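Report on the following structure.
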Amino acid sequence: MDGRMDAVVTWIQGTPVSEALRQSQYAFPAGETLHFVGLAMLFGFVAILDLRMLGVARQLPLASLHRILPWGVTGFTITFATGLLFIFATPEQYLNDWVFWSKMLFVALAGVNVLIFYAGGIYRLVETLGPGEDAPPPAKAIAATSLVLWIGVMFFGRMLPFLGVAF
Amino acid sequence: MEILAAVSDSPFSTWIRESESLFGYPMFILLHTIGLAIVVGVSSVVALLMLSGAPRSVLAATRGMFPVMWTGFGINAVSGLVLMAADAPTLAMNPVMWVKFGFIVAVVMLMRSARRFAAADTDVAGAAPSGRARKALAAATLACWLGAIVTGRLTAYIGGPDFFVE
């Protein structure tokens, strides 16, 4: 990123929130733990829904899984909030790092994939998918794309200490 | 301690710990994360279905997700052993790591019970596992996974062979 975000980094570093997070000995351990909890909640919901659409556990009716949507949304909210915590604590480690922005790109693409699923009418094709029924090809494509994108998010997240300039 | 040192001094463990290759430590820590997301995530959703009072037919159908869960668990077990071997003297002597193992042993037993409950649900004419037992199993599963995640993260901050020495 060649320091293009330096002004933003400097502004964040000067905020009371950033200072408090850097001084706290509990912020990072708690934040990291919650980030993994949120990740498990989000990916658990995403994986079980996507795998069902791809034909795993075909006896599961999709509607019963979709009722767990608030769990997945809560997981995403937790990961988002803890992610903001990390950025505010050490903006210089993330905002000038291509690996971080690659992770954000994959999160954004996963969001677009979700939009296409709901707003693009794909969900209407599968919301009444009953036991033993196969999802149509568009839904399978959405499901496969979703799994690849979220695994990509985990890849870039985990590679932050090893690639780029974050650590 | 000598055995632990021998494990971490082995050529493979040394390579995992010291190599700059992405196929070393980075790959195994990534696999550990993906395995966690799979096994904890899918297991938690199954637990939620039990807690929410889903019909027996739905709970019976969760049998199809157990191979996915066990695959995630397998990925975690193998990657976890490799990561532990790379720093065996420190990690094996960390009491927090053993608490984590306790949670994992407990949740493996709970997952096996959940699988038996799901199998019982395939016989809709047969006796269903009691709702109370099902909900207790689900709550215990979620609690143990939370415990495993918390203690797993804490091993990076507390513990080690000298941490508790006065």
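Bear in mind the structure is a predicted one, so any value in this text is a computation, not a measurement.
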Under a 4.5 Å cutoff for heavy-atom pairs, which residue among A:P61, A:S64, A:A30, A:A47 has the most contacts with chain B?
A:S64
Examine whether an atom of B:S43 lies under 4.5 Å from a heavy atom of chain A, and if so say whether it belongs to the side chain, the backbone or both; otherwise answer neither.
neither
How about B:H32 and B:F73: are their ring centroids closer than 6.0 Å?
no
Give a yes-or-no answer on whether the side chains of A:S18 and A:T15 include a donor-acceptor pair shorter than 3.5 Å.
no
Of the options B:R115, B:R116, B:R134, B:R63, which is the one that meets B:D121 in a salt bridge (Lys or Arg N to Asp or Glu O under 4.0 Å)?
B:R134
Does this structure show an ion pair linking B:R17 with B:D87, if we count only N-O contacts that are shorter than 4.0 Å?
no
Determine whether the side chains of B:Y25 and B:E20 contain a donor N or O and an acceptor N or O closer than 3.5 Å.
no
So, the part of A:M154 with a heavy atom under 4.5 Å from chain B: the answer is both
Which portion of A:P29 sits near chain B, non-hydrogen atoms under 4.5 angstrom
both
Centre-to-centre under 6.0 Å for A:F86 and A:F28, is that the case here?
yes
What are the two closest non-hydrogen atoms of B:T33 and A:L39, and how far apart are they?
CG2-CD1, 4.1 Å
Between B:L146, B:L22, B:V40, who has the most heavy-atom pairs with chain A when the cutoff is under 4.5 Å?
B:L22
Would you check if there is a donor-acceptor pair between the side chains of A:D50 and A:S146 at a distance under 3.5 Å?
yes
Distance-only donor-acceptor hits, side chain of residues 100-111 of chain B, under 3.5 Å, sequence neighbours excluded:
none

Turns out that what part of A:L60 lies under 4.5 Å from chain B's heavy atoms comes down to both
Check whether B:V68 gets within reach of chain A through its side chain, its backbone, both or neither, counting any heavy atom under 4.5 Å.
side chain
Within residues 50-61 of chain B, the residues sitting under 4.5 Å from chain A by heavy atom, in sequence order, are B:V58, B:A61
Heavy atoms of A:M159 and B:M27 approach each other most closely as CE-N, 4.5 Å
Go through the atoms of A:L65 and report whether side chain, backbone, both or neither lie under 4.5 Å from a heavy atom of chain B.
side chain
